[in-house]
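Okay, so here's the structure we're looking at.
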Amino acid sequence: MTTYLGIIIGAALVNNVFLVQLLGVSSLFLSSNKLQNALELALLNFVVLFLAASINLAIFRLILNPLGLEFLRIICFVAVSSTLTILILESLKKKFPLSLRRQRLAFYLTSGNSAILGVSIINADSVLSLTHGVAYNFGAALGFALMIISFAALRLRLDTADIPTPFRGAAIQLISAGIVSMCLLGFAGLV
Amino acid sequence: MRLFRNMFANSKLRKMAGVQSIAHSTPGGITPHLHKSRSLRSKIMAIPIPPHLLIPLQQQQGTASAACVKAGDRVLKYQKIADATDSTSLDIYAPSSGVVSMIQNHTTINPAEKEQLCIFIDTDGKDEELAEIDAIEWQTLTREELLPVIRNAGICGMGGAGFPLPKKMETSSNREIHTLIVNAAECEPFITADQALIRERSEAVIQGAEILQYAINAKHCVIAIERSKGDAIAALSKSISHSSVEIVILDDKYPAGGERQVIQAVSGKELQANKLPADAGIHLQNVGSVYAVYRAVAESKPCISRITTLTGEALQTPKNFEALIGTPVSFLFDLCGIDKKNHAKTVVGGSLMGIELMDTSAPVMQSSNCLIAGSLAEFPDTIPEQPCIRCGFCAEACPAGLLPQQLLSYSRSEDAQQLEDHGLFDCIECGACSYVCPSKIPLVQYYRNSKEQLALSQEVFDTSKGWQARFQDHQYRIKKLKDEAEPRTAIKPANIPSAEEKPQGTFSKDQAILDVAAAVSRVKARRKNVIASSESPAKPIQADGEAET
Amino acid sequence: MSTEYHREHSFGILKENPVLVHLLGLSPVLAISTTLTNGIAMAIATVFVVVCSSLCVSLLRTQINSSWRFLYFMLIIACFTTAVDILMQWTHFPIYRELGIYVPLICCNFAILINLETVAYHNDWKNSLGKAGRLSAGYCLALILLSSSRELLANGTLLEHWELLLPGASDSAAVSETEALNNLFSFVAYQPAALILLGFLVAAWNSLNTQLMSSKPAAKQSVIPAKRERVTGKVGAKT
Amino acid sequence: MINSSPFQHREQSIGDIMSLVIMACIPGICMSTWFFGYGLIINIVLAACCALAFEAAALLLRSRSLMQLKDNSALLTAVLFAIAIPPGSPWWLVVTGIFVAIVLVKHLYGGLGQNPFNPAMTAYVFLLLAFPLDMTSWHVPVPLEGAVGSTVLSNSLPNLSGFDNAIASSSMSSLGWQSLKLSLLATLPFLSAFYENPETAVELIDGMAMATPLIEYKMAGKSALLASWDSGLNIFSRQSETAWEMANISYLVAGLYLLYKGIISWHIPLSIVVTVLIISSLFYAPGSSSVFGTPYLHLFGSATMIGAFFIATDPVSAATSKSGKIIYGILIGCAIYSIRVWGSYLDSIALAVLFGNFFAPLLDHYCRPRIYGHKKHTSDGLGFRKKTLPLLGKLRVEKSKAEEIES
């Protein structure tokens with residue numbers, strides 16, 4: 001149990017996909033300003049990241065690796081994650097046509113794919129067992145979603161701040177991300 | 001420390017007669033410097049009759065009254081000079097005898113410094129009364145007889161907000177009222193009018209409370225007063241002995257005297273934001289109004305005066321006056337010996353919620369409980385605003401549980417959604433946040449500004465929403481019409497081409513028979529359509545109704 | 001999606017820099033830019049994928065089903081990325097090892113995908129090749145700027161171990177990480193520094209752009225504006 | 001000219017608040033100086049001068065009024081930063097740190113009141129990552145009462161491996177003006193000479209590499225310290241742990257004074273202290289091999305008190321509402337303990353506070369107090385439920401309307 005907890009905390013905080021491994025940073029700047037949208041985005045990303053990375057892990061361990069087809073991993077992972085993304089989007093579209101009328105959400109998700117592929121490849125290279133790998137995916141997805149929400153809240157404060165003009169918008173957000181990343185580096189060695 | 005002091009004070013107060021309980025605590029609040037002792041040194045004084053009186057036709061929230069005298073008329077004291085137009089306006093009576101010189105606009109005391117229609121009376125100093133009316137034995141009256149007497153006395157709330165009493169009585173008489181709370185909490189700095197009134201005329205106040213209690217059929221009657229007003233509490237408990245009225249002691253803080261705060265302090269329950277006190281079975285009335293009710297019923301004298309505190313460092317002898325409505329503020333200042341050099345700012349009401357008065361020729365109104373001729377030391381020039389450091393003092397002070405610093409940032413960024421979410425419209429503008437702010441940010445000012453803007457944009461929004469709804473209805477109707485039209489158009493193409501085909505095709509007997517049969521069926525079908533459409537007109541209206549809901 | 005949209009969103013070098021203005025495809029840029037050598041290697045790999053995939057999509061655009069095109073795009077990019085992956089592994093193993101998982105991540109570069117969606121899918125191969133060139137130039141510029149500044153600050157060198165860029169370089173020339181860390185200002189090699197430096201670069205880019213804009217007033221403002229403006233001073237007015 | 005109520009204001013400006021907090025730091029500073037020498041005082045003076053200079057420069061650059069210098073916030077940042085870094089740090093470390101704090105973390109975000117991260121602590125973390133060696137070695141030049149007498153520890157070089165033999169105490173010697181002067185004179189060259197040429201500096205003065213007791217404990221693998229900490233406070237021994245104990249107690253007392261004055265609220269300090277206390281008691285198993293240190297060590301052996309009362313309570317970067325403050329404190333408390341015990345960095349206050357700061361806006365958004373007269377969740381837009389769940393309901397309504405129109 002403690003191993004799983006350790007893996008999850010490690011993936012969510014210490015080796016945060018977002019700010020320590022710098023995967024999927026673009027999605028930080030694409031999400032809209034409202035906390036509610038950030039929440040939707042974070043939830044979707046969480047689901048997609050967790051599911052796709054776990055499926056990819058299973059495919060790699062059970063099919064590609066035994067057959068010696070490791071070089072196909074990129075194509076395979078991309079195919080799985082994009083199909084999953086499209087499927088989830090389509091199913092959501094049926095249920096909530098209006099919220100997804102803003103097509104940008106689809107793009108957000110694909111940009112999150114950078115994190116999906118990254119986590120999948122890290123999984124493929126790691127020596128963790130299958131279940132531990134799933135725990136790692138869960139932690140990574142959790143960390144990713146947490147960062148997206150917290151950053152959206154932080155951005156609400158930055159919007160009203162009197163920031164020097166050239167730094168407004170993306171620049172100050174990158175610097176904030178850097179400061180938070182410094183803080184997360186401080187967690188190194190925790191797990 | 002404060003806790004111990006309060007406990008000691010409480011034990012002392014409990015021994016007094018009639019002190020029923022120590023109040024429940026309310027959230028937020030501040031303890032500002034009160035500046036009250038100066039005006040309490042002397043007794044309430046009646047003023048000499050001023051040479052001119054100017055009586056505003058609207059002294060309360062609501063609509064203006066209609067003058068029933070005209071320029072040149074001679075009026076007597078207690079004579080009606082204006083009629084109420086609806087339940088939110090008041091009858092107005094002449095405070096003294098004299099001649100109506102004119103009826104025209106003049107500056108009055110209101111936040112917007114608007115000019116209002118006033119009746120100008122040149123007094124003759126004789127103070128002739130209309131006719132001696134005998135005092136009524138109110139106990140002999142029925143409730144139905146008593147209510148009009150109160151309603152016609154022309155009283156509005158004397159706590160400062162100026163809510164018309166008739167309207168309030170009307171709301172309360174429609175509902176089940178179990179408690180009458182007499183609000184004697186005068187939490188704002190500088191004001192001592194209520195305290196002086198209770199100290200000197202506690203008997204009348206208690207009788208007034210009993211009259212009101214009888215009029216609205218309340219089971220209990222409670223006077224809520226702050227702990228620091230020891231002399232008033234003593235006077236009350238002395239004269240309360242033969243009455244069922246109870247005293248509740250409130251904490252010394254600002255705003256203890258707010259409507260919702262008093263209700264929570266007395267009943268222990270929060271009044272929901274969308275509810276009136278009457279919904280919770282409570283009728284709340286200011287002491288000044290209660291005293292005016294006593295005068296109106298027991299002495300049969302309509303409201304022509306009020307007790308007003310005159311204070312401030314620019315006045316040599318600050319004291320409480322029983323001032324006639326319509327007396328110019330400058331006349332009262334002169335009575336107290338104003339030091340014009342020292343006089344920096346005139347504030348009507350307390351220093352935390354009052355209104356700055358630019359023109360001191362404005363008259364005293366029923367809601368003017370305090371007139372402050374402040375020196376520069378009392379009301380220093382505003383310090384330039386510093387950045388907010390989010391210290392949270394304001395949130396601690398806020399009696400409405402808001403986050404003033406968040407509201408400030410949203411007010412600056414004009415984020416209407418966030419402002420509403422953060423409860424801008426629950427702000428009672430008590431000024432506690434501005435008082436404690438170490439950055440000296442005029443928070444209340446920001447909120448007023450935002451409220452105004454939001455109200456404006458709400459209007460725009462409403463109209464645009466109306467247009468949107470109308471457009472949707474329109475589309476809906478078009479669609480319905482189309483649906484109904486479709487069968488007709490569906491028949492037509494089937495028939496018309498056959499008619500057009502005729503000249504092209506060769507003539508045959510069979511074809512002719514078919515044509516005739518088609519024509520007959522066409523006519524039949526048309527008739528059916530006509531019948532159907534004559535039945536249908538009700539339908540679109542119904543459908544529209546559905547669409548609107 | 002109108003053609004105007006495409007014109008607006010076609011990526012350029014200065015005003016429409018994919019990294020510094022649109023903030024797309026940041027993860028490789030941030031993670032790789034520790035040394036200029038790495039940066040250049042990454043840039044070359046990315047350019048290869050961008051050019052090949054745009055060409056491929058613009059040639060195949062009549063064949064691609066519109067509702068599932070997104071998946072096809074991803075697969076096309078993934079194919080070329082795999083090619084780059086295998087090629088680099090073969091010829092530039094030391095650099096490949098340095099870049100780690102970020103070579104496969106080229107295929108998730110959002111800038112490439114948007115380029116395919118908005119440009120290549122709607123243009124013939126000549127046009128889309130030209131626009132892919134502009135995109136890659138902008139991308140390379142940002143990568144080179146960031147990685148050279150980081151290498152300069154961290155090690156005080158520029159383009160050290162450039163020989164790694166030549167095909168078939170030996171493993172022995174690889175930079176050992178401990179060596180790099182003991183140099184001038186090792187903090188710059190960490191991830192936070194990458195984010196902060198990129199922040200400053202973006203700010204500098206913004207002010208550069210505003211200056212260019214102010215000299216050419218007719219041009220359209222493309223600097224990222226503040227989301228909301230502060231409104232003060234209204235309060236002084238009487239309510 | 002503002003023409004609206006209220007006309008009365010409390011006479012307490014930002015400057016007053018800040019200076020009161022600075023005053024409250026003085027007892028702790030005195031304690032540290034007493035035990036560790038003039039290093040801290042020199043740090044503070046240097047940091048304060050730099051802070052004022054940078055603040056003025058930043059204000060001029062942003063074309064703001066220089067009157068803002070009067071709010072003392074830069075001074076407070078400087079003092080907190082100087083207390084956080086090791087006494088007797090080289091001058092450039094201080095200048096760099098203050099530059100990061102004032103210019104990058106404060107003014108880049110728009111100046112006082114707008115920075116989401118605590119400037120002093122961000123600067124500290126930055127230095128910790130950028131110059132780990134200088135930031136983790138508490139090379140204490142000369143304890144005040146020890147003067148030149150403490151030659152015992154001249155062999156311990158200030159580096160990370162030196163912690164093992166750093167558990168030591170300086171010899172007690174008579175206290176007098178002579179020794180005070182000597183120690184000051186001995187401290188000054190140390191500051192400048194040290195970084196450029198460590199060997200000569202160590203020859204010059206008898207330095208002593210020292211960390212907080214907790215760090216020593218962690219590095220040395222417990223044992224020796226445990227005994228002394230279990231025995232409790234011993235004022236008359238001039239041991240480093242006593243110094244930390246005394247400093248923590250003075251910060252605790254000063255913090256309570258600030259609480260009494262109403263400058264800070266009890267929520268954050270209490271929740272931090274209680275969280276650290278609870279977690280450390282949970283994990284403290286006396287006698288077992290995996291000892292993480294006594295709760296007492298965690299509360300008084302490091303910078304916990306100054307962190308809880310002075311740093312985490314910085315209103316600008318902390319959460320605002322009461323429940324938010326409590327969660328914020330718990331977050332920081334957990335982070336303090338876990339970084340200390342399991343993390344690889346030694347002192348955790350700054351990292352933990354930064355971690356808390358990051359989540360403060362989120363807490364502010366979701367932990368709003370209940371508006372008076374409204375039930376918990378029913379009112380418009382309050383809290384989590386309105387934001388997420390009714391979204392689905394709203395969508396359904398919109399959908400049905402849209403369908404009606406389209407069909």
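Just so it is clear: chains get the letters A, B, ... in the order the sequence lines come, proteins before strands, and each one is counted from 1. Worth saying up front: this structure is predicted, and the values here are computed from it rather than measured. Excluded from the calculations below are hydrogen atoms, water molecules and symmetry mates; all remaining heavy atoms, backbone and side chain alike, are included.
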Using non-hydrogen atoms and a 4.5 Å limit, figure out which bit of A/Leu13 sits close to chain D: side chain, backbone, both or neither.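 Contact with chain D is through the side chain of A/Leu13 alone.
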
Heavy-atom proximity to chain A below 4.5 Å, by part of D/Phe117: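 It is the side chain, since no backbone atom gets that close.
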
Would you say A/Met182 and D/Thr122 make side-chain contact, with heavy atoms under 4.5 Å?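 Result yes, sub-4.5 Å side-chain heavy-atom pair found.
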
Minimum heavy-atom distance between [X] and [Y], given as atom pair plus value:
{"X": "D/Gln114", "Y": "A/Ala161", "answer": "OE1-CA, 3.0 Å"}
{"X": "A/Cys183", "Y": "D/Leu351", "answer": "SG-O, 3.5 Å"}
{"X": "A/Leu156", "Y": "D/His365", "answer": "CD1-CD2, 4.0 Å"}
{"X": "D/Arg62", "Y": "A/Pro164", "answer": "NE-CG, 4.3 Å"}
{"X": "A/Met147", "Y": "D/Phe358", "answer": "SD-CE2, 3.4 Å"}
{"X": "D/Tyr109", "Y": "A/Ser176", "answer": "OH-OG, 2.6 Å"}

Drop me the distance from D/Asn115's CG to A/Arg157's CZ, to the nearest 0.5 angstrom.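 Rounded to the nearest 0.5 Å, the CG-CZ separation comes to 7.5 Å.
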
From D/Leu128 CG over to A/Leu185 CG, what is the distance, rounded to the nearest 0.5 angstrom?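 The CG atom of D/Leu128 sits 10.5 Å away from the CG atom of A/Leu185.
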
Considering only distance and modelled atom types, tabulate donor-acceptor pairs under 3.5 Å from the side chains of residues 62-79 of chain A, sequence neighbours left out.
none

Heavy-atom pair count under 4.5 Å with chain A, highest-scoring of D/Asn357, D/Leu108, D/Leu354: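 Most heavy-atom pairs under 4.5 Å with chain A: D/Leu108.
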
Highest number of heavy-atom pairs under 4.5 Å with chain A: which of D/Gly111, D/Pro116, D/Gly113?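 Ranked by contacts with chain A, first place is D/Pro116.
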
Any ring pair (Phe, Tyr, Trp, His ring centres under 6.0 Å) pairs touching residues 152-175 of chain A, not counting sequence neighbours?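 Ring pair (Phe, Tyr, Trp, His ring centres under 6.0 Å) check on residues 152-175 of chain A returns A/Phe167-C/Phe200.
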
